[in-house]
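The structure appears below as structure tokens.
None of the values given here were measured: they were computed from a predicted structure. Keep in mind that the numbers below use all heavy atoms, side chains included, and drop hydrogens, waters and symmetry copies.
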Amino acid sequence: MIQDLVVYAVYIGFAIGMLMTFGLILTWVERKQGAVMSDRIGANRAYVRIPFTQIKLVWWGLFHGLADGLKMLVKEDFRPKSYDWYAYMVAPWVAFTPVLLVFAVIPFGGVLIPGELIPPLAGWFGDRTYTMQIAKLDAGLLIVFAFGGLTIIGCMLAGWSSSNKFSLLGALRAGSQMISYELILGLTLLGLILIYGTVDLDDIVRQQSGVVLGFLPAWGIVLQPFAATLFMAAAIAENKRIPFDLPEAESELIAGYFTEYSAMKMGLFMFAEFIEIAIIAALFTTLFLGGYNLPYMHDGGFSFPGGYDVPMSHGAVVVTQVVVFLAKVFLMCSFQILVRWSLPRFRYDQVLRFAWKFMFPLALANLTVTAVAVWLLRMVNA
Amino acid sequence: MTHKRYRRKAYWNRPTMGWWERLYLPEILRGLGITSWVFLRNMGKWMTGRKGALTTYYPEERRSDYARHNRGKHVLTQRPDGSPQCIACNMCATVCPAKVIEIEAAFDPDDPAHPKYPSRFEIDYSRCIFCGLCVEACPEDAIRMVPEVPNLPSGQRMRMWIDREELLNWNPQRDVAKPYPPKGAA
């Protein structure tokens, strides 16, 4: 019992630490990558001076995230004279918390056997095994959607309780946009659920370590390339980032639904957005990029298509899986930032038309084709 | 001769997207390809020690290619004995539109030809607009501007003043147009 508690405490610590680190790092990555992409240098002025020396650590501007956080902490905490101050205060947390909770069901590694990993504790842990996932729930994907859908409440609350028409307009936009794209997000994943026959994320990852057509890794992106593209687009729209950042279009709505927020409350909204980038990247990795496994890799090592098996020790497997998961997540974050710095913003009617008249039929078509294909394959195999 | 009547086009900026552009996805991918290529190119340059951007890291790095006619710094000309040619008449300080020149006059009994001289001559470069009016106003050709830049960047405004000693400390031989010491000066 205590052993379980220890293991899950470590998992939760890892998850929160990872998400916070990603949130901080991504503010820097966003600036720096955008700068490099447009032949600029980017933020490089913040530094940490080692006390009592003149040695200034600049580290390519990595401390700008810290400087931002510090600034947000010490800024004036402005409050509008709102008739609903409770909703106003609670809205950033409602937007921020579900983003963190989504990560609870995402597996960041395969099976962990603490007794084998740390020999001195073998007696205490016995032969207990844990999947590297905070909550091993059968309804994994449904939980993701349930919590993902909660974020919108925070945005709506913020816009409603700010007593500001810009905020309200932004919240309305956020509401209609997020509901539209939520639907597409779900529809694109239905195809995957049909193929894998489960919504348990760990099971989905395990099924992706096989091969299709004899040599290709059975990754979701290989089986459902169309759904992967649609999912990525819908997820970026769900996160309200450029090119879908209509709810906070600066040129039209100042800052959209968080116009009236300042200091750390505004920081929470920003932080939630950056963490959601990491969450989307983690989801995409889990569903379409084989999760924590390298191609042809499983919990015992590698099984290459030619029939070669490369067994690995448990420690090596655990380390490889965690590192591979982080690397894939980081690459996908970088891809989202690439999109953000490449594409121009839609007009608002275009956003909704894009959702309902372009992506929705495509997602339905993808689902139909997948369903027919799965049915045919079952008929052939039976 | 009949004149063909001018007919205005209905739309001068008719959208010219073909079906390929209308497909949207390929063009998006092309755009992403362009930006990621620029990113990879610049990262490659950075890893091999070159810069992808043309930007100069200003306070740490100075450009060497200022224009030849750039005049970024003031100097005070000197008499052969090293004293400033300035007679502290305050005309430059009067004409200065930014009011950055501060002069304190003093009396020198040893030089009856030029009894008045500046004991303090300071310029605030944080406000100077480099218009050159002080040079034009000077009746004694005592202040000139040279093709250099002062060592400006600083965290404190007080550090951006340049005083008399620094203004007098220049390399007169470089100004070939007006050789120093002036010909004919004893």
Side-chain angles (χ1 to χ4, degrees), chain A residues 29-47 49 54 56 58-61 225-234 236-237 242-244 331-347 350-351 353-355 357-359 361-363 366, chain B residues 11-66 125-126 149-160:
Chain A
V29 172
E30 166 133 328
R31 284 174 180 159
K32 214 63 178 175
Q33 190 181 338
V36 173
M37 274 167 54
S38 45
D39 281 348
R40 289 182 287 116
I41 284 174
N44 66 348
R45 288 294 119 172
Y47 60 84
R49 188 167 63 82
Q54 283 302 317
K56 293 172 179 174
V58 177
W59 287 0
W60 312 289
F226 219 60
T229 318
L230 288 177
F231 177 83
M232 202 63 217
I236 292 176
I242 292 174
F244 302 98
L331 273 183
M332 287 319 295
C333 291
S334 191
F335 176 77
Q336 287 178 66
I337 290 169
L338 177 76
V339 170
R340 181 242 182 278
W341 285 96
S342 298
L343 304 183
R345 179 189 291 153
F346 282 102
R347 211 169 52 214
Q350 287 171 340
V351 167
R353 198 167 53 196
F354 189 66
K357 287 192 175 174
F358 186 73
M359 290 176 72
L362 281 184
N366 180 56
Chain B
Y11 296 105
W12 60 273
N13 59 350
R14 187 192 303 270
T16 51
M17 281 205 297
W19 62 271
W20 182 251
E21 283 96 354
R22 268 164 211 274
L23 269 183
Y24 192 69
L25 197 60
E27 289 296 297
I28 289 285
L29 290 180
R30 201 165 67 90
L32 290 180
I34 290 173
T35 44
S36 43
W37 155 242
V38 172
F39 176 77
L40 291 177
R41 188 195 65 194
N42 286 347
M43 284 311 282
K45 277 187 179 176
W46 181 74
M47 280 177 198
T48 50
R50 293 167 295 162
K51 261 192 305 184
L54 294 172
T55 321
T56 310
Y57 294 92
Y58 171 52
E60 295 93 7
E61 269 177 39
R62 299 299 167 81
R63 288 178 62 153
S64 53
D65 57 341
Y66 280 116
Y125 274 88
S126 68
V149 279
N151 188 25
L152 267 188
S154 162
Q156 297 166 1
R157 282 175 190 277
M158 293 313 285
R159 293 265 175 83
M160 300 169 100

### Task
Any chance you could measure A:Asp39, atom CG, to B:Arg41, atom CZ, to the nearest 0.5 Å?
5.0 Å

### Message
Is it the case that atom CZ in B:Arg30 sees more than 12 heavy atoms from other parts of the structure closer than 6.0 Å?
### Response
no

### Query
Within a strict 4.5 Å, meaning less than it, do heavy atoms of the A:Arg40 and B:Asn42 side chains meet?
no

### Query
Tell me, side chain or backbone of B:Trp46 under 4.5 Å from chain A's heavy atoms, or both, or neither?
side chain

### Query
Nearest 0.5 Å, what's the CG-OG1 distance between B:Leu29 and A:Thr229?
8.0 Å

### Query
Got a second to check how far B:Leu32's CG is from A:Leu338's CG, nearest 0.5 Å?
5.0 Å

### Task
Please flag which part of A:Ile41 lies under 4.5 Å from any non-hydrogen atom of chain B: side chain, backbone, both or neither.
both

### Query
Using a cut-off of under 4.5 Å for heavy-atom pairs, which of B:Thr35, B:Val38, B:Ile34 has the most such pairs with chain A?
B:Thr35

